[in-house]
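Shown next, in structure tokens, is the structure this report addresses.
Letters A, B, ... are given to chains in the order of the sequence lines, protein chains preceding strands, and every chain is numbered from 1.
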2 protein chains.
Amino acid sequence: MTALAARRPGPAGRIRQQHEGAILDAAETVFARAGFQGATMAEIALKAGLPKANLHYYFGTKAEVYRAVLSRILQLWLAETDRITPDAAPRDALTHYIEAKMHLSASRPDASRVFANELLHGAPEIGDYLRGELRKLVAAKAGVIESWIAAGQMAPVDPQHLFISLWALTQTYADFEAQVCAILGRQQLGPADYRRATEHVLNFVLRGCGLYNPTPEEMKPCSI
Amino acid sequence: MTALAARRPGPAGRIRQQHEGAILDAAETVFARAGFQGATMAEIALKAGLPKANLHYYFGTKAEVYRAVLSRILQLWLAETDRITPDAAPRDALTHYIEAKMHLSASRPDASRVFANELLHGAPEIGDYLRGELRKLVAAKAGVIESWIAAGQMAPVDPQHLFISLWALTQTYADFEAQVCAILGRQQLGPADYRRATEHVLNFVLRGCGLYNPTPEEMKPCSI
DNA sequence: TGAAAACCTGACCATTTGGTCAATTTTTGA
DNA sequence: TCAAAAATTGACCAAATGGTCAGGTTTTCA
């Protein structure tokens, strides 16, 4: 954010706020489907229900729309690590984080895809954010996880790589939905699919962190 | 492949083979960096060291180049599930698969990125492949894993979701390298980084599948 | 109520870019 | 050696597209 969130100054009247929202919603969909270069201002305008010239009244350039979309997305990503604190129980904290991330994948897949696309192409717009805010946040949370490990509360897992793994495991369901659908034989992922996926990721990660509690119906020890 | 691999008929002379290779190498890089729409024939031509018109002699359209690149990539992806057979030891088979996938991420990141980009945008070109060959392959390998589970050789993990997780965990290091670099504080990922990443994924997955064997230097029981 | 500010938009333009083509050169193989 | 096949390429084109702008309408608020 910071530089990214540098919205045009001024009071931002009622109409502006409303239309900017519509434009960003439309843009998120279009950027997700086609990427930055593939997205056209005409298509965004059509989807937003505004003439193209009007887009350029609110956002000077396509890049500006793109940055605004990314900025909005980054806000979603931030507030999820709340519960990862030294005195929380690792199991509860990780469970909450995974469930929140999976919910985001299910509810805002386009947001995840725009973000993924930006990363895929080298993060030209959000590189500074990644190396700044995000890195700092992860470093802090990595410290928490290390304290859990030192206290014998979970298995020794590299905390930084753990976060990378958590993002990969959860966002894959939004980013690569086409592949997931093909494997599962679905047209699209429904709530039941996401429930099963969440359950899988949860079990898998908890086991991977040595936090597995066997459920009643499958009473087996962790190490077979 | 199949439909994708439908290369132009004919004997394919020496020069043709050589120049097609150069074009595909260049295209892989350019498509990875810019996506399908962002890639230009002019840039591919420049990188391949050929005049643009010459590209159109070998490949009629940009889409045809793109399909050829994807086809080449899919061949890399296929031959990796060799060792996943009913009589293999789960630990060895998964270890081999993960190490192979991580090696691919390290050695051919652009290939992974082109593939990821295609998935991200709904797999318009390889959807048939995903729903056909890939799905069949995964279904078969899922059967193997189920047999391992039934034999009590590993923890009960949804086999289809397990494959999705394995792909996500390994390919994230190529696809989202920008993010990984930012978190780890690197300019780019070196061999040491990949070694550490492979070790992490391996430990994480094996533990997640109930296949963890403590290494000498950290002798702790699986379930803390 | 009235004028300043905000908002709207059809028409237009310059650039980029995928693709074509015809003329030419190089390679092949009988 | 020589003709047929393969390969090469500069010049060119039509379409798509990001962006501009001048002149208009609507909203705001003192």
For A:P86, is there any backbone N or O sitting under 3.5 Å from a side-chain donor or acceptor partner on A:S147?
no
Distance in angstrom units between A:E20 CD and C:dA6 C1', rounded:
13 Å
Test B:R83 against B:D92 for salt bridge (charged side-chain N to carboxylate O under 4.0 Å, His left out), laying out the working first.
CA-CA 8 Å; B:R83 307 264 193 108; B:D92 296 340; over 6 Å; no
Salt-bridge test for B:E28 and B:R113: reply yes if a basic N is under 4.0 Å from a carboxylate O, no otherwise.
no
Plane angle bin for B:W77 and B:F115 - parallel if under 30°, tilted between 30 and 60°, otherwise perpendicular
tilted
Side-chain ion pair, B:E133 and B:K136, N-O less than 4.0 Å
no
Are the aromatic ring centres of B:H161 and A:Y173 under 6.0 angstrom apart?
yes
Whole angstrom value for the distance that separates C1' of D:dA16 from NZ of A:K62:
11 Å
Would you say C:dA6 has OP1 or OP2 under 4.0 Å from some side-chain N or O of A:R16?
no
Kindly confirm or rule out a cation-pi arrangement of A:K62 over A:F36, judged by NZ or CZ under 6.0 Å from the six-membered ring centre and within 45° of its axis?
yes
Of the residues in residues 30-46 of chain A, which ones touch DNA chain D at a heavy-atom distance under 4.0 Å?
A:A39, A:T40, A:M41
Between D:dT27 atom C1' and A:Q18 atom CD, what is the distance in whole Å?
14 Å
Expressed in angstrom and rounded to an integer, what is the separation of B:H56 atom NE2 from D:dA11 atom C1'?
15 Å
How sharply is the helix from C:dT1-D:dA30 to C:dA30-D:dT1 bent, taking the axes over five pairs at either end and rounding to 10 degrees?
20°
Any carboxylate oxygen within less than 4.0 angstrom of a Lys/Arg side-chain nitrogen, looking at A:D25 and A:R72?
yes
Flag the pair A:H19 / A:F59 as yes when their ring centroid distance falls below 6.0 Å, and as no otherwise.
no
D:dT28, OP1 or OP2 - any side-chain N/O from A:R14 closer than 4.0 Å?
yes
What class does the angle between the rings of B:F204 and B:H200 fall in, given that below 30° is parallel, 30 to 60° is tilted and above 60° is perpendicular?
parallel
Scan nucleotides 8-12 of chain C against the protein and return all N/O pairs shorter than 3.5 Å with their distances rounded to 0.1 Å.
unit_1: C:dC8; atom_1: OP1; unit_2: A:H19; atom_2: ND1; d: 3.4
unit_1: C:dC8; atom_1: OP2; unit_2: A:N54; atom_2: OD1; d: 3.4
unit_1: C:dC8; atom_1: OP2; unit_2: A:Y58; atom_2: OH; d: 2.5

What's the separation between atom CZ in B:R16 and atom CD1 in B:I23, rounded to the nearest 0.5 Å?
9.0 Å
